[in-house]
Amino acid sequence: MAGRPKRTSEDLARAATELNNAVKRQVGFSTSMLALASIPFRDPGDVPYFIRSNDQFSLTVQPGIVRSNGVPQSVGYPFGTIPRLLLTWMCTEAVSTGTPDLQLGDNLSDFMRKIGLLKEGSRASGGAKGSITRLQSQMERLFRARFSIEVEGETHRQMGAGIDIAAGFELFWARGAQAAEGQRSLLPARVILSPSFFNEVTRNPVPVDIAALRALSGSALRLDLYVALTYYMSVIREEFLLSWPDLWLQLGSTASDNSARRAQLKTDVKRQLPAVLEVYPQAKVEVCKDGLRLFPSPPHVPLEPRLRELAAGPIHLPAMPDLLSR
């Protein structure tokens, strides 16, 4: 079975060296919304909602519902590395093409291989735990999920918006003889980004390095830390503390909240951060008893003038007029 390739410390060091010596960056895009609050690392299970927050900003995810034999049932939450890589691909395509109508198929397969979901030259595999099955499940979970954001401001004012990822999608999966003969596992298909998500992506893009994502793709937490640091370093102008409680609210993976889970996240962040800093050595980050202390540093991907202007907004709030515009 060909699953996601495992990365050793030697693989990471080699990838980091190639990345840092590269003359030209492979530029992709995320968005400030996803830099400020994460989707689950692991499956939250049968819970009604999953919420993460960053100061005044909060992101709520609810699983999509489908009818099976006439009975409504949840398709589950998007979680792990696959939806994060999918979101990066969609953000990159939206910014690059300027259209919310994204064509999947061969382009998606190539991208997933490029960022590390499949080994170079390998084929996607079927079966209950194969890469095709995992990709299909996570695509449906992501495209059907309900996303909403809320911004807490003055006591007399409330702001919120639905910001679902997909307004619609159409997927065709190879079956039977087609898949057995090695034909494309995801036949030509499309996803149409919702107007609110397309506006957020194209007006508040966060440039990322595709090679960095490839190097870090073995861990959802590494990916989240990298995107968050890339975003913060593009907007902070002075020393900034990401406290451990704040990191739990932003990155904590489970719906339940207790001291043991918070302590585990703290341990996980300390363990995964060195890998992130190996591919992003320009980031000046200090681990302290109170959290992560960030010092103004160059963004990992140099910002073009238009993107630099977009990144100059407030650190904790994606632009609500962008989210609310249709």
Side-chain angles (χ1 to χ4, degrees), residues 30-91 94 100 102 133-152 158-171 191-201 204 220-221 223-224 227-228 247-258 261 265 316-318 320 322-326:
S30 184
T31 177
S32 58
M33 179 185 81
L34 299 172
L36 290 169
S38 72
I39 61 176
F41 300 148
R42 293 173 288 275
D43 192 346
D46 186 19
V47 294
Y49 59 86
F50 178 89
I51 185 169
R52 293 275 69 92
S53 61
N54 187 307
D55 194 25
Q56 297 170 290
F57 172 77
S58 63
L59 172 68
T60 301
V61 184
Q62 295 175 290
I65 304 295
V66 296
R67 292 174 62 86
S68 178
N69 297 321
V71 179
Q73 66 178 34
S74 167
V75 300
Y77 288 89
F79 67 91
T81 60
I82 292 178
R84 286 165 167 78
L85 300 179
L86 284 168
L87 283 164
T88 303
W89 179 81
M90 289 189 289
C91 291
L102 308 183
T133 305
R134 291 187 294 114
L135 177 61
Q136 183 176 8
S137 172
Q138 291 297 330
M139 288 178 77
E140 181 177 19
R141 290 169 180 239
L142 180 63
F143 295 162
R144 292 190 185 277
R146 306 289 299 176
F147 287 71
S148 60
I149 62 107
E150 183 177 351
V151 177
E152 298 178 3
Q158 290 182 303
M159 293 184 289
I163 190 166
D164 295 344
I165 304 299
F169 64 93
E170 190 174 26
L171 306 176
V191 57
I192 302 173
L193 302 184
S194 70
S196 53
F197 185 66
F198 179 72
N199 286 337
E200 160 66 8
V201 168
N204 298 289
L221 179 55
L223 294 174
D224 285 351
V227 173
L247 280 165
W248 166 260
L249 293 174
Q250 180 176 344
L251 300 176
S253 182
T254 61
S256 57
D257 181 2
N258 55 55
R261 293 188 184 280
L265 178 68
H316 287 301
L317 304 180
M320 285 299 298
D322 293 347
L323 298 178
L324 295 172
S325 61
R326 302 287 178 176

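- L87 and I39 make their closest contact through CD1-CD1, 4.2 Å (heavy atoms, listed as atom of the first residue, atom of the second, distance).
- Between I165 and L86, every side-chain heavy-atom pair lies at or beyond the 4.5 Å cut-off.
- Partners of F143 under the ring-ring contact (aromatic ring centres under 6.0 Å, His included) rule, at least two apart in sequence or in another chain, are F169.
- The two atoms that bring F41 and L221 nearest to each other are CZ-CD1, 3.5 Å, heavy atoms only.
- Results of the side-chain contact (heavy atoms from CB on, under 4.5 Å) test with M90 over V201, L102, L85, T31 single out L102 as the only residue that passes.
- Rounded to the nearest 0.5 Å, atoms CG (N204) and CG (L34) are 11.0 Å apart.
- Here the side chains of F198 and I192 are not in contact, with every heavy-atom distance at 4.5 Å or above.
- Of all non-hydrogen atoms in F50 and P44, the two that sit nearest each other are CD1-CG, 4.0 Å.
- Side-chain atoms of Y77 come within 3.5 Å of backbone N or O of Y49 as a donor-acceptor pair.
- Nearest heavy atom pair, residue Q250 against residue L36, reads CG-O, 2.9 Å.
- Side-chain atoms of E200 and S32 form a donor-acceptor pair, as typed in the model, at a separation below 3.5 Å.
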- Kindly indicate, with the supporting measurements, whether the criterion salt bridge (charged side-chain N to carboxylate O under 4.0 Å, His left out) is fulfilled by D224 and R52. CA-CA 13 Å; D224 285 351; R52 293 275 69 92; over 6 Å; no
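- Closest heavy-atom contact between G162 and S196: O-OG, 3.3 Å.
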Run the side-chain donor-acceptor check on residues 57-76: report pairs under 3.5 Å with partners two or more places apart or on a different chain.
from : atom 1 : to  : atom 2 : distance (Å)
R67  : NH2    : G70 : O      : 3.1
S74  : OG     : G76 : N      : 3.0

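- The two residues A220 and R84 come nearest to each other via the heavy atoms O-NE, 3.6 Å.
- Counting only heavy atoms from C-beta outward, the side chains of R141 and D43 approach each other to under 4.5 Å.
- Every side-chain contact (heavy atoms from CB on, under 4.5 Å) that V227 has, sequence neighbours left out, goes to S30, A35, V208.
- Taking CD1 from I149 and OG from S53, the interatomic distance works out to 13.0 Å, rounded to the nearest 0.5 Å.
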